[in-house]
Amino acid sequence: MKQYLLPLLLLLAPLCVRAAEPLHNLDSIYACLDEAIDNSSFYVARKEKSIAQLKQQLQRAVSNELKYAICYQLYEEYRPFENYSAMDWLMRCEQIAAQMNDARRRNRCNILLSLCCSNTGLYDEAQEYLQLVDQNLLGPDDVGEYFHACYNRNNELAYYTSVAALKRHYRAEADKFEQLMLAHISPHSDLSYRTRELHLMNQGDHAASMRLNTEWLKTVRKGSHRYAMVALYRYLEYKAVNDTTRMMYWLAESALADVRNGVMDQGSMWEISNQLMLQGDVDRSYRYISFTSESANRFGSRQRRWQISPLLADIANRYKQENERKTRLVMVAALFSAVLALLLLVSVFYVNSQRKKLALAGRKLKHSNAQLSEINSRLSELNRQLASSNLKLGESNRVKEEYIGRFMSLCSLYVDKIESFRRKVNKMMKNRQYDELFRETRSTTLKERELDELYNNFDDAFLHLFPTFVEEFNALLLPQQQIQLTDDGHMPVSLRIFALIRVGIEDSSKIAEFLHYSVNTIYNYRARVKNWAVADRDNFERKVKKLGTQNRT
């Protein structure tokens, strides 16, 4: 039994770690990220203010020691903000170190310059800076950093080269320098944590890698630039086990921390744009990748621009396909409206024909009653039935005539609107106003306005046909649950649902389709209102179907 226990615990360990962390609200974190992007100029200004203060301190500095310290702080401020500016301040540090005849600091500056170059695709320059380093003069803390620079350059080359032989060579070099790096850096440094975590993930030991990430997370302040890095690796943990909700939450946390810290090297933002694109959220993906592109241009990273370009092209293609699809839908809707209008005309002629036939039958029946007095009792009963049918038919004709007239008016109005929109789109296309066209077609305002107009027309027609419906409907409800018309004289959703039932549309799916709600929402509305009934809720809807009949003329 014990021989199976250990493998079972190893199998369940990742599930236990995931269960320990609650599920997060993605809509909430996306809203925070959207707000941060909107306020990004504030965070950038805060970063620039901090840099300006350091530059003022530098102007007042007298000793080379203080100048070096301030220049190094400026490098740290610029490192995630503007790469070339960060390199400029490192060069200033190297010059000051040369004036101080401090070989150790000059070595450190060259190591950091090599890292700046390799992180932005300047691999030859990175190697040149490494060749300037005198390994015999490296301090204890600089040896690990030197091997890190060697590892980073070879790792980047192995990732981006497409030549198999070179990829193997660079990978072997990267692995060699990685081992040397780990032997000389603190196990509690960010570099050690992320290197070891990647090793564990690549080996498939997700329980151990998650524990290491949790340990790392405890060492950073939430919202800091370091926190963004830990959150990004936590995203990779959940991505490896296909936990979509948690992985997107931590990726958004990483991107949010970067934005709020004025970071321009937006790796997390690029990744979240890519994931949202894969999930079909094209609009949000486009917004995030646009922000990433602007940040990458300021930071000065060639790799980030290479990553961004294919995604931007893919998004543009999606928008093009969506526009073509909507154009086809508009054409189909116009054709459908024309066919429906024709069918309504045919229906009008048919109803009028049937009315004439019914009127003729009524006259013949009355004539027969005068001649056939011996069957007067049976004819009286037949006359009462005929009167009831005429009443129902008259009500049906009244409803049909009212709605047919309004529908034909709306069809004509929609045909005019579609033609006007077609001319507007055609004009924009001719004038190459693609951005304006994109904003025009992207907005849902037109749809919402037309739906409001459709519902208002329905309300006006219904209340015209059944003027006492609201009063009679409220008579079926408890006094404290009365439903009134809105201030502009239209029906709220709950009342509109039962108005549709009154005119014969009882199916929740059809009501949901007309009102643009889910079927569950319609069902909940119906159930809630029936619970407010004064009595006999089971026959509530049957009573609603009879409302307004006795007041018709």
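- Applying the side-chain hydrogen bond (donor to acceptor under 3.5 Å, both in side chains) criterion to Arg46, with sequence neighbours excluded, gives no partner residue.
- Partners of Asn39 according to the side-chain hydrogen bond (donor to acceptor under 3.5 Å, both in side chains) rule, which considers only residues two or more places apart in sequence or in another chain, do not exist here.
- For the pair Tyr288 and Asn274, the minimum side-chain heavy-atom distance is 4.5 Å or more.
- Side chains of Tyr455 and His516: a donor on one and an acceptor on the other come within 3.5 Å.
- The side-chain heavy atoms of Gln484 and Gln482, taken from C-beta on, include a pair separated by under 4.5 Å.
- Considering NZ of Lys239 and CD of Glu271, their distance stands at 4.5 Å, rounded to 0.5 Å.
- A search for side chain to side chain contact (heavy atoms under 4.5 Å, CB included) contacts involving Leu342 returns nothing, not counting sequence neighbours.
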ask   = After noting the C-alpha distance and the side-chain angles of Asn520 and Ser518, does the key distance pass the side-chain hydrogen bond (donor to acceptor under 3.5 Å, both in side chains) rule?
value = CA-CA 5 Å; Asn520 284 339; Ser518 68; 5.5 Å; no
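- For the pair Asn83/Asn119, no side-chain contact is recorded, criterion being any heavy-atom separation below 4.5 Å from C-beta on.
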task = Verify side-chain contact (heavy atoms from CB on, under 4.5 Å) between Met210 and Glu197, making sure each step is shown before the conclusion.
result = CA-CA 8 Å; Met210 178 59 85; Glu197 185 177 351; over 6 Å; no
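- Partner of Leu515 under the side chain to side chain contact (heavy atoms under 4.5 Å, CB included) criterion, chosen from Ile522, Leu451, Thr521, Leu454: Ile522.
- Legend: residues meeting side chain to side chain contact (heavy atoms under 4.5 Å, CB included) with Leu166, ordered by chain and number and at least two apart, are Thr161, Val163, Tyr170.
- Here the side chains of Asn155 and Arg171 are in contact, with some heavy-atom distance below 4.5 Å.
- For Ser273 against Ser285, the heavy-atom pair with the smallest separation is O-OG, 2.7 Å.
- Atoms CG and CD, from Asn539 and Glu541 in turn, are 10.5 Å apart once rounded to the nearest 0.5 Å.
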request  = Applying side-chain contact (heavy atoms from CB on, under 4.5 Å), run through Tyr227 and Asp258 and close with a yes or a no.
outcome  = CA-CA 9 Å; Tyr227 175 80; Asp258 278 342; over 6 Å; no
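- The side-chain hydrogen bond (donor to acceptor under 3.5 Å, both in side chains) test applied to Ser162 returns no partner, not counting sequence neighbours.
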request  = For the pair Arg526 and Ile501, evaluate side-chain contact (heavy atoms from CB on, under 4.5 Å) and give the outcome as yes or no after the intermediate values.
outcome  = CA-CA 10 Å; Arg526 294 173 74 167; Ile501 293 173; 3.7 Å; yes
task = Give the intermediate values and the outcome of salt bridge (Lys or Arg N to Asp or Glu O under 4.0 Å) for residues Arg449 and Asp452.
result = CA-CA 5 Å; Arg449 186 169 63 246; Asp452 288 340; over 6 Å; no
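- Put simply, the side chain of Lys546 does not reach to within 4.5 Å of the side chain of Lys543, judged on heavy atoms.
- Here the closest non-hydrogen pair linking Leu477 and Val534 is O-CG2, 3.2 Å.
- Within the 4.5 Å cutoff, side-chain heavy atoms of Leu495 are placed close to those of Leu485.
- Applying the side-chain hydrogen bond (donor to acceptor under 3.5 Å, both in side chains) test to Glu506 and every residue at least two apart in sequence or in another chain returns Lys545.
- Across all non-hydrogen atoms, the minimal contact from Val259 to Ser40 is CG1-CB, 4.4 Å.
- Here the shortest heavy-atom pairing between Ala527 and Arg537 reads O-NH2, 3.8 Å.
- Heavy atoms only, all atoms of each residue included: Tyr249 and Leu26 are closest at N-CD2, 3.5 Å.
- Side-chain contact between Gln279 and Thr244: present, with at least one pair of heavy atoms (C-beta onward) separated by less than 4.5 Å.
- Of the listed residues (Glu237, Arg234, Arg194), just one forms a side-chain hydrogen bond (donor to acceptor under 3.5 Å, both in side chains) with Asn213, and that residue is Arg234.
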task = Could you walk me through whether Gln275 and Tyr235 pass the side-chain contact (heavy atoms from CB on, under 4.5 Å) test, one step at a time?
result = CA-CA 11 Å; Gln275 290 297 328; Tyr235 148 75; 3.2 Å; yes
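- Here the closest non-hydrogen pair linking Tyr525 and Ser494 is CD2-CB, 3.9 Å.
- Tested against Phe498, the residues Phe540, Phe462, Phe469, Phe466 include a single ring-ring contact (aromatic ring centres under 6.0 Å, His included) partner, Phe540.
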